[in-house]
J.: 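Below: one structure in structure tokens.
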There are 2 protein chains.
Amino acid sequence: MTDKHSYGQFCPLSMASEIVCTRWTPLILREFLHGTTRFNDLRRGVPKMSPALLSKRLKELEAAGIITSETRADGNPEYRLTEMGRELEPALMALGGWGHRWIESSVSLRNLDPSLLMWDMRRNLAPLSLPDRRCTIQFLYPELAPVDQNWWIVVEDGAVDLCRIDPGHEIDLLVSASLRAMTSVWMGLTTIKAEVEAGRIQLDGERAIARSIGKWLGLSHFAPMKRNVG
Amino acid sequence: MTDKHSYGQFCPLSMASEIVCTRWTPLILREFLHGTTRFNDLRRGVPKMSPALLSKRLKELEAAGIITSETRADGNPEYRLTEMGRELEPALMALGGWGHRWIESSVSLRNLDPSLLMWDMRRNLAPLSLPDRRCTIQFLYPELAPVDQNWWIVVEDGAVDLCRIDPGHEIDLLVSASLRAMTSVWMGLTTIKAEVEAGRIQLDGERAIARSIGKWLGLSHFAPMKRNVG
DNA sequence: CTGCATCCTCTTCGATACTG
DNA sequence: CAGTATCGAAGAGGATGCAG
């Protein structure tokens with residue numbers, strides 16, 4: 001009829017699913033809802049997706065009216081949600097909230113990935129809850145392969161940068177952790193405090209910054225919410 | 001890592017999308033939320049899906065904990081949503097509501113299908129708003145091929161049956177319509193009253209039943225809601 | 001470096017037919 | 001009624017290339 005990919009149903013849920021519920025698309029939209037606008041930043045949020053497929057999906061989303069692309073001064077496109085796209089947020093949040101409440105942590109925690117964790121903590125970090133000067137926080141995951149062990153987050157003038165190579169600044173706080181413990185904290189399965197007491201996370205450095213970590217550390221949007229399963 | 005199909009991300013939206021946002025799955029869940037429990041009834045809601053794929057999806061949903069299957073007395077399985085599955089309703093309603101508000105009717109109306117329309121009107125019909133006796137309502141779509149022209153809905157003792165062959169009862173109301181007009185009414189783009197006045201729908205039969213059609217006729221759950229596009 | 005396009009392989013899907 | 005079996009077509013993933 002219309003095309004091969006269509007469900008052929010006029011039902012609004014069917015029409016919406018044709019656009020939103022295709023492979024990778026909810027994750028791309030998650031990146032957009034976090035404010036990402038550029039191709040390679042999108043890729044950091046969905047690193048296992050091939051660039052060709054991401055490119056295809058962006059064209060589909062643009063054709064559907066969910067995003068626009070505009071060529072910037074540097075000649076590269078900038079993608080942005082339209083109002084239609086922004087209004088997907090409640091539906092995606094509801095789906096994410098359901099996942100948070102119902103999907104077993106033992107399943108989610110099979111997908112540990114320091115890169116995704118740090119990338120998300122970077123964007124959810126609250127600079128205003130840190131001292132009003134440059135702050136450098138190092139994260140150390142001793143159990144990982146050397147290339148993934150060290151991460152630095154540099155906060156300066158409200159901007160948050162994530163580095164995989166030492167920026168050379170004095171370290172204000174060193175967070176040493178098992179990746180599983182840190183991810184569990186991010187997900188809201190446990191707390192920094194509990195993990196520190198259990199010896200799975202250590203904080204070394206400036207007392208004030210360590211004490212206020214619960215305020216500035218960016219966790220999952222769903223972390224404060226109750227769960228129904230283990 | 002885990003398997004090929006996984007996005008490899010611990011994010012709850014990613015985990016939820018792996019289960020819910022696969023091809024056909026939102027439509028299957030829509031059927032379940034309407035109370036369907038049997039394989040061939042599910043098929044009526046997703047007639048363009050192959051039975052092999054439906055069977056596969058049901059196994060996946062069961063493995064994910066969203067449905068259970070129990071063998072009934074007749075030896076055939078009965079599928080039911082678990083609590084985990086029922087709690088998907090807000091997310092799916094949000095997605096459907098978004099589709100209703102934002103997807104152009106000209107696009108949805110490319111998917112006209114009398115079978116899907118009648119099947120949905122059957123299950124959303126309100127028997128209590130009809131006289132407390134057997135009522136037979138015939139729908140006639142003169143422009144369609146003969147096999148799709150005639151439909152009968154029989155309401156008796158609170159049960160609603162849909163027939164494609166004449167049940168032989170006296171007709172209490174004959175609804176003659178263009179399929180596009182009837183579907184537009186179902187979607188909430190227009191009203192029965194407006195379509196009758198425009199000559200695209202005719203009601204012939206018992207006055208009281210015709211007058212109360214707005215009460216007993218089952219429309220889309222989203223029909224009363226505002227839309228943002230044409 | 002960013003933003004793709006191409007080529008190739010592998011998996012999934014759809015159509016049809018058939019079974020207990 | 002409730003599925004399997006089979007097979008060709010479409011789609012996704014990985015590697016590589018390339019222009020601005």
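Chain identifiers are assigned alphabetically (A, B, ...) following the order of the sequence lines, protein sequences preceding nucleic acid strands; residue numbering begins at 1 within each chain.
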J.: For this output row, return yes or no: ring centroids of B/F10 and A/W186 closer than 6.0 angstrom.
T.: yes

J.: Check the side chains of B/S108 and B/S105 for a donor-acceptor pair under 3.5 angstrom, ignoring hydrogens and angles.
T.: no

J.: Just by distance, with hydrogens left out, do B/E18 and B/S6 show a side-chain donor and acceptor under 3.5 Å apart?
T.: yes

J.: Need to verify one output field. Residue with the more 5' nearest nucleotide on DNA chain D, B/L58 or A/M49?
T.: B/L58

J.: Under 4.0 Å: is that the gap between some side-chain N or O of B/K56 and OP1 or OP2 of C/dC13?
T.: yes

J.: Between B/R44 (CZ) and D/dA2 (P), how many Å, whole number?
T.: 13 Å

J.: Report the residue (B/P51 or B/R57) whose heavy-atom-nearest nucleotide on DNA chain C is the more 5′ of the two.
T.: B/R57

J.: Write down the distance between CD (A/E60) and C1' (D/dA10), rounded to a whole number of angstrom.
T.: 13 Å

J.: Look at the rings of B/Y79 and B/F39 and say which category their plane angle falls in: under 30° parallel, 30 to 60° tilted, over 60° perpendicular.
T.: tilted

J.: Applying salt bridge (charged side-chain N to carboxylate O under 4.0 Å, His left out) as the test, list every pair that has at least one member in residues 176-189 of chain A; sequence neighbours left out.
T.: none

J.: Please list, chain by chain and in numerical order, all residues satisfying side-chain hydrogen bond (donor to acceptor under 3.5 Å, both in side chains) with B/D157, sequence neighbours excluded.
T.: none

J.: Can you tell me if B/W24 touches the phosphate of C/dC13, counting only side-chain N or O atoms and a distance under 4.0 Å to OP1 or OP2?
T.: no

J.: Cut-off 3.5 Å, side chains only: do A/Q138 and A/N150 have a donor facing an acceptor?
T.: yes

J.: Show each protein N/O and nucleotides 1-3 of chain C N/O combination with a separation under 3.5 Å, one pair to a line.
T.:
{"from": "C/dT2", "atom 1": "OP2", "to": "A/N40", "atom 2": "ND2", "distance (Å)": "2.9"}
{"from": "C/dT2", "atom 1": "O5'", "to": "A/N40", "atom 2": "ND2", "distance (Å)": "3.0"}
{"from": "C/dT2", "atom 1": "O3'", "to": "A/N76", "atom 2": "ND2", "distance (Å)": "3.4"}
{"from": "C/dG3", "atom 1": "OP2", "to": "A/F39", "atom 2": "N", "distance (Å)": "3.2"}
{"from": "C/dG3", "atom 1": "OP2", "to": "A/N40", "atom 2": "N", "distance (Å)": "3.1"}

J.: Do the side-chain N or O atoms of B/K59 get closer than 4.0 angstrom to the phosphate oxygens (OP1, OP2) of D/dT4?
T.: yes

J.: Given atom CG of A/L54 and atom P of D/dA15, what is their separation to the nearest angstrom?
T.: 17 Å

J.: Roughly what angle, to 10°, lies between the helix axis at the start of the helix from C/dC1-D/dG20 to C/dG20-D/dC1 and the one at its end, five pairs per end?
T.: 40°

J.: Could you list the donor-acceptor pairs under 3.5 angstrom formed by side chains in residues 31-38 of chain B, with sequence neighbours left out?
T.:
{"from": "B/E31", "atom 1": "OE1", "to": "B/R123", "atom 2": "NH1", "distance (Å)": "2.8"}
{"from": "B/E31", "atom 1": "OE2", "to": "B/R123", "atom 2": "NH2", "distance (Å)": "3.2"}
{"from": "B/T36", "atom 1": "OG1", "to": "B/E31", "atom 2": "O", "distance (Å)": "3.3"}

J.: Throw together a table of side-chain donor-acceptor distances under 3.5 angstrom for residues 87-100 of chain B, partners on residues two or more places apart or in other chains.
T.:
{"from": "B/E87", "atom 1": "OE1", "to": "A/W102", "atom 2": "NE1", "distance (Å)": "3.2"}
{"from": "B/W98", "atom 1": "NE1", "to": "A/M84", "atom 2": "O", "distance (Å)": "2.8"}
{"from": "B/H100", "atom 1": "NE2", "to": "B/F222", "atom 2": "O", "distance (Å)": "3.0"}
{"from": "B/H100", "atom 1": "NE2", "to": "B/M225", "atom 2": "O", "distance (Å)": "2.8"}

J.: Is any side-chain N or O of A/S50 closer than 4.0 Å to OP1 or OP2 of D/dA15?
T.: no

J.: So, does B/R23 get its side chain near the phosphate of D/dG11, meaning an N or O under 4.0 Å from OP1 or OP2?
T.: no

J.: Nearest whole Å is fine: how far is D/dT4 P from B/L53 CG?
T.: 12 Å

